[in-house]
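Lettering of chains follows the sequences in order, A, B, ..., and the numbering in each one begins at 1.
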Amino acid sequence: MSQLSFEFPDGSVKQFDDGVTSQDIAKSIAISLAKKAVAGKIDDKLVNYTEPLHKGGKIEIVTSDSKDGLNVLRQTAAEILKMAIVSDFKNIHFGESEADEDGFFVDTDKPEEQISVDQLDSLSKTMAGIIKKDLPISVEELSDADAEKLVGDDPYQRELIKAKSVDGKVKFYKIGDFQSIVEGAVLPSTGKVKIYKLLSVAGAYWQGKSSNPMLQRLYATAFFKKADLDEDLKKRQEARERDHRVIGNQLDLFFVDPKAGAGLPYWMPNGATIRRTIERYIIDREIANGYQHVYTPVLANLDMYKTSGHWAHYRDDMFPPMDMGDGEMLELRPMNCPSHIEIYNRHIRSYRELPLRIAELGMMHRYEKSGALSGLQRVREMTLNDGHTFVALDQIQDEFQRILKLMMSVYHDFDINDYTFRLSYRDPKNTQKYFDDDEMWNRAQSMLKGAMDQLGLKYTEAEGEAAFYGPKLDVQTKTALGNEETLSTIQLDFMLPERFDLHYIGEDGKQHRPVMIHRGIVSTMERFVAYLTEIYKGAFPTWLAPHQVKIIPVSQDKHGDYAKKINDQLRALNIRSEVDERAEKMGYLIRDAQTHKIPYTLVVGDDELNNNSLSVRKYGQKDTVSKSVPEFIDEISKDIASYSREDNK
RNA sequence: GCAGUCUUAGCUCAGUAGGUAGAGCGUUUCCAUGGUAAGGAAAAGGUCCCGGGUUCAAAUCCCGGAGUCUGCACCA
């Protein structure tokens, strides 16, 4: 019998007989390892635990406490779910199934009628039956021809065979008389899957293309331990409570009235206060960083967007133009760039003025697809913290880094830490979506990459995510519900200066073409407030909190005047304070202040009145501290000035 | 936009053998004047999303539309 050579993670190499399984190998190392092992991983590819191996390589034993182990479990659960679906529904087709850190899903297609949420319970019971039988799961390789025969006329499976075939062969898993194409590994038998939960059903396009048929996607999750599932479900529940739409309602920050207009948010005083505070902050930061703030109209002649290319490339996302009846067409702007170009073009510009930084909290309108709208995260009217800097070619790198530095400093003040960088390129397979100039794209993309590499920052690269006029650096964050979204963006643009024939007078006295950098630091006011609401869970740091101080008199009659006196002092210092004058018990008012997550609650009664002091309770804390009025003013002033961050003091 | 789900008071939600509506919270008023997370009572508040149909009768059944939510697609 021939020998196979395996290299272990620690670098050691051992020989095993041909046909050895990952299980045999695990046992040869340690019984304790074999006990928690669920699969093998050869040269970074998962293989079943009991699958005979015929090729050596780098081996890793996958255990149940690893990410890969969980993945194998979920892949197995997905197969069991498919078996349950086959047994409960006749004539059903499967699209793809996948396991990831959030759980797993199975795509199904049933002619005429679809699987609905009501059927998840009974499917779950069918799964339990399959698990109870503890059916063994085996692997077999079929030739493409045999595989096609097996799947019959199932259109999705036929395409999957094509996609997954290696050297004319496709791997199938066999459970009882159920057979299924799988990538990766599964557990040796169905009985190994004990803890699972079917979660939801939603539509998903076959292969992710909107031109393809829509399948029903069943979402579910599985764990090795019940406690892990419970924790996961608790997390999902917490995510729902963290959702800015829920908190926005509780704290009366904003609302969207479908009757008044979908995707058109109204800012209530509380939300407006947060927004105004952010706006003042970012304008100050930008002015300190050399930006010139402007105001430009939300409406412009359609010709402007024909020149810019928006009309040609972005029309689907724009509101239809308004025909004024005399030949004039007005358009609600979807972006601010052309407006800032107008500002640039107002004067002849010298090289001495560059980089020229124009900024605006620019309101824009985009006709987002109805299904994309979501609270403040995706809206049809938004105000972008927009900025355009006009630079000479050799200033791109410096300016890019300068913007990045400002961005990270702003993030620090808001305590934003959980984000990744993404370089977004055009889709090379679908170039007509973009401004057509290969050289421009290649140059701009490599410049961005070069700048990031020079700074030594980690990033991912994504084709097809660019703006139509140029590539960009996106800062990606996650919403409470786990969906990825872009917060900040820096975009390189050689196109608009060309189209609007921009120039500046160089040192040589001749005209030169500037380059534009589009950038948004704190995103749109809508998305940014949504994001902050979720990361703070509604407990805004003092400088942002709509109400910073609530003063509660023990007795309105006896202590109301003292409370008002303190309130006046605080307000004179621009501290957002009010007295709760409702004729309720003190305990009720304190509870109310806490549920509204107000940073400071001040209780004043006889003791405070006599000592000219305050009983200070910070949000989320049970204990109270007695302070003199000047002491408290000093504390809260420092809190606000430091953006409530210890390291800013 | 697409698939499914849902739409009842300001908010969260009850309300199916079709018979013109309820609770809790909130709001207002009155009583209670209190020491760190809910004192008591009363009142006000509803085109049951919109339009059509079936029916003696529709919140409830049917059709169409709009919107919500979950997801996909699209994107700040």
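In the model, A:N417 has no side-chain atom that pairs as donor or acceptor with a side-chain atom of A:Y411 under 3.5 Å.
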Along nucleotides 69-76 of chain B, 5' to 3', which nucleotides get a B, which get an S, and which get a -, given that the test is a protein heavy-atom distance under 4.0 Å? SBBBBBBB
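The side chain of A:P258 approaches B:rG67 more closely than any other nucleotide in the set B:rG34, B:rA3, B:rG67. Considering only the side chain of A:S555, B:rU33 comes nearest among B:rG35, B:rU33, B:rA3.
Between A:L264 atom CG and B:rG67 atom P there is a gap of 11 Å when expressed in whole angstrom units. One interatomic measurement links the two molecules: CG of A:D107 to P of B:rG4, which rounds to 15 Å at whole-angstrom precision. Look at CG on A:D557: it is 12 Å from P on B:rC31, rounded to the nearest Å. Taking atom CD of A:E584 as the reference point, atom C1' of B:rC25 lies 13 Å away to the nearest angstrom. If you take CZ of A:R582 and C1' of B:rA32, they are 17 Å apart, rounded to a whole angstrom.
A cation-pi arrangement is found for A:R217 relative to A:F105, the charged atom lying closer than 6.0 Å to the ring centre and inside a 45° cone about the ring normal.
Regarding contacts with the backbone of B:rU33, every side-chain N or O of A:Y588 stays at 4.0 angstrom or more from both OP1 and OP2. Contact annotation: A:K585 side-chain N/O to B:rU36 OP1/OP2 distance is not under 4.0 Å.
A:A583 comes within 4.0 angstrom of a base, heavy atoms only. Residue-level contact check: A:N249 touches the backbone only, with heavy atoms under 4.0 Å from sugar-phosphate atoms and none from bases. Residue contacts shown for A:T601 are absent, as no nucleic acid heavy atom lies under 4.0 Å away.
Ring centers of A:F632 and A:Y600: under 6.0 Å apart, within the cut-off. Note: A:F414 and A:F528 meet the aromatic proximity criterion, with ring centroids under 6.0 Å apart. The ring of A:H310 has its center closer than 6.0 angstrom to the ring center of A:F468.
Along RNA chain B, the nucleotide closest to A:V604 and the one closest to A:S116 are compared, and the more 5′ of them pairs with A:S116. Of the two residues contacting RNA chain B, namely A:V256 and A:D118, the nearest-nucleotide position lying further toward the 5' end is that of A:D118.
Using the Watson-Crick or G-U wobble rule with both distances under 3.5 Å, B:rG1 pairs with B:rC72. Summarising the base pairing, B:rG46 is matched to no nucleotide, lacking a Watson-Crick or G-U wobble pair whose two defining distances lie under 3.5 Å.
Within residues 273-281 of chain A, no residue places a heavy atom under 4.0 Å from RNA chain B.
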